[in-house]
Amino acid sequence: MSLTSCHVIIWRTSSSLLSRVLSLLGNRRLPAGTASPCTSGRMAAALVRGAARELAWLPSLQCIRHRSKAVTRHKKAIHFERQKILALTKYIAPKPTISESCMKSKAKATDSGKENLLEKFLCSQLENVIQESKMLAVFQRNAIGADDFLHLKHRLHKHEIYIKVFPIQVIRKVLGQSQLQGLLPLFMGHTFLAVSPHAKAKEMLQAIRSAPQVQLLGACIEDRLLSKQGIVNYSKLPSKELLQGQLVGTLSTLTTQTANMLTHHSARLCTMLDQHGKEEGKQAEEN
Amino acid sequence: MAASKGINVVLKSVKSISVRMCPFQQNMQSTREFLETINSKKIRTTNTNCEINVDVRHDNSEPMVDVLFGDGERLVIKSENVTAQEMLLKLSSMCSSKDQQAKDSAKK
């Protein structure tokens, strides 16, 4: 009996624990012949329990999986009755009488009283950009790929022309107040700005030639609003120094011309008299 | 802009598309949306030989889209009072009918 009770308890413990319990039992030997077989059996069971308590906590109930499926991720199908009830109680939204395309789009949430800090920051940035740049061109970004766009950016960067992209609300807010109001109708959809501290229209047009998708819409160069044709014409102009030289040249030619005209008659009279005098001298010699 | 994304246009039978617009005018949204959509990679790759010319001018002229098909037919859209979606739908239906015709003639 002692053997069976012992066996029942030990059966639940793991193999390593079992060996340790057995070794403990061997150390605590009972004095022989003092106790009856019934009491000895009880004592043995108590001893084993005590030994087990010393070693580790034994869970009274343990969950053991016997050859079940390893994958437990599969969802069990819902019961058919429940499925039916779920399907019956599903909410079906009433269909609008007018088709969706004819309806007015929902009004967007109006601005709350809070000031958008990011928008404020972008506004200040755009103001800086407008103040610092002499040339400000607006482009339509016709679905140009990101890599092409990056190439274009680098090409423009070589000539100190920088690409800036601002959200349309910010542009409307800032440009509406500045003197660049005329550029506002150009901002629609995907647009970007090309700004430069120098007026380099020629370089810009050259750089854009490699990206045919991008469309130049208009520009403001040195506080002057220009259309696309205007920019092309502007780019064909020679440099400012050369033009100034030309102007100086034309002005000086005018003054020299007037001086020439004024002295022309007297000079001619002089030469005529000179010739006349010579001729008279010759005649006198002959005579 | 997002409304015109779902339309599939196959430019197989199109030879060239020329868009004329004056960006400073009022009703430019649809033309510019159309241009944007036509230039997108998905549509451009259907026919890389198709030329897209854009004429940006400043003379208050009304916007116009001129599509020249491979068989010499022309589709001229005055896009002032038309949405981009309508333009794309028209173009896609024309293109698909042309493609179908080409297929049928090839079978015969």
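We name chains A, B, ... by the order of the sequence lines, and we start the count at 1 in each one. These values consider heavy atoms only, across backbone and side chains, with no hydrogens, waters or symmetry-generated copies. Computed from a predicted model, the values in this text were never measured in an experiment.
Between A/H190 and B/E36, some side-chain heavy-atom pair lies under the 4.5 Å cut-off.
The neighbour count for A/E222 CD, taken as heavy atoms of other residues, nucleotides or ligands under 6.0 Å away, is above 12. For B/K98, the NZ atom is densely surrounded, since the number of other residues' heavy atoms within 6.0 Å is greater than 12.
Counting only distance, with no hydrogens or angles, the side chain of B/R32 and the backbone of A/Q140 share no donor-acceptor pair below 3.5 Å.
Within residues 203-217 of chain A, the residues having any heavy atom under 4.5 Å from a heavy atom of chain B are, by residue number, A/Q213, A/Q215, A/L216, A/L217. Using a 4.5 Å cut-off between non-hydrogen atoms, no part of residues 166-174 of chain A approaches chain B.
Of the inter-residue distances, the one linking B/C22 atom SG with A/K228 atom NZ reads 12.5 Å to the nearest 0.5 angstrom.
Contact record, B/F24 with A/G182: CE2-O, 3.5 Å, taken as the closest heavy-atom pair. Nearest heavy atoms, A/A143 versus B/S40: CB-CA, 3.6 Å.
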